[in-house]
Amino acid sequence: MVEDKQKICDLLIPVLREMNGFRHILRLEYWGDRGLVYIIFAAGAQIPVDAGKTSAEMIRNIVKIR
């Protein structure tokens, strides 16, 4: 089964909003061709994060920025 990383990002947003440092997150954009996830906040900040090889690694990389 191929992991749908964008779907996982979409499902992760409500969880992140419950965490300090992510309360004002607007969206997560997965860019497979770049191997990145862009974390986009309401204030306009965009933080690129390594998407990793697996979804679990991607989630760890997202959470550890805060």
Atom pair CG (L28) and CD1 (I8), whose distance is rounded to the nearest 0.5 Å: 11.5 Å
From CE (M58) to OH (Y30), nearest 0.5 Å: 8.0 Å
Transitive ILVMFWY side-chain link L11 to I13, under 4.5 Å: no
Non-hydrogen side-chain atoms of Y38 and V49 separated by less than 4.5 Å: no
Joint hydrophobic cluster, F22 plus I47, side-chain heavy atoms closer than 4.5 Å: yes
Any V37 side-chain heavy atom under 4.5 Å of E29 side chain: no
Test item: R34 and P48 side chains (from C-beta on) under 4.5 Å apart, heavy atoms: no
Sidechain-backbone polar pair: E3 side chain, S55 backbone, donor-acceptor under 3.5 Å: yes
A42: side chain to side chain contact (heavy atoms under 4.5 Å, CB included) partners, not counting sequence neighbours: H24, L26
Taking distance alone, no hydrogens or angles, what donor-acceptor pairs closer than 3.5 Å link side-chain atoms of residues 59-66 to residues at least two apart or in another chain?
residue	atom	partner	partner atom	Å
N61	ND2	D50	O	2.9
N61	ND2	E57	O	3.4
R66	NE	G21	O	3.2

R23 side-chain N/O to E18 backbone N/O, donor-acceptor pair under 3.5 Å: yes
Of all pairs that satisfy side chain to side chain donor-acceptor pair (under 3.5 Å), the ones with a partner from residues 6-16, not counting sequence neighbours: Q6-D10
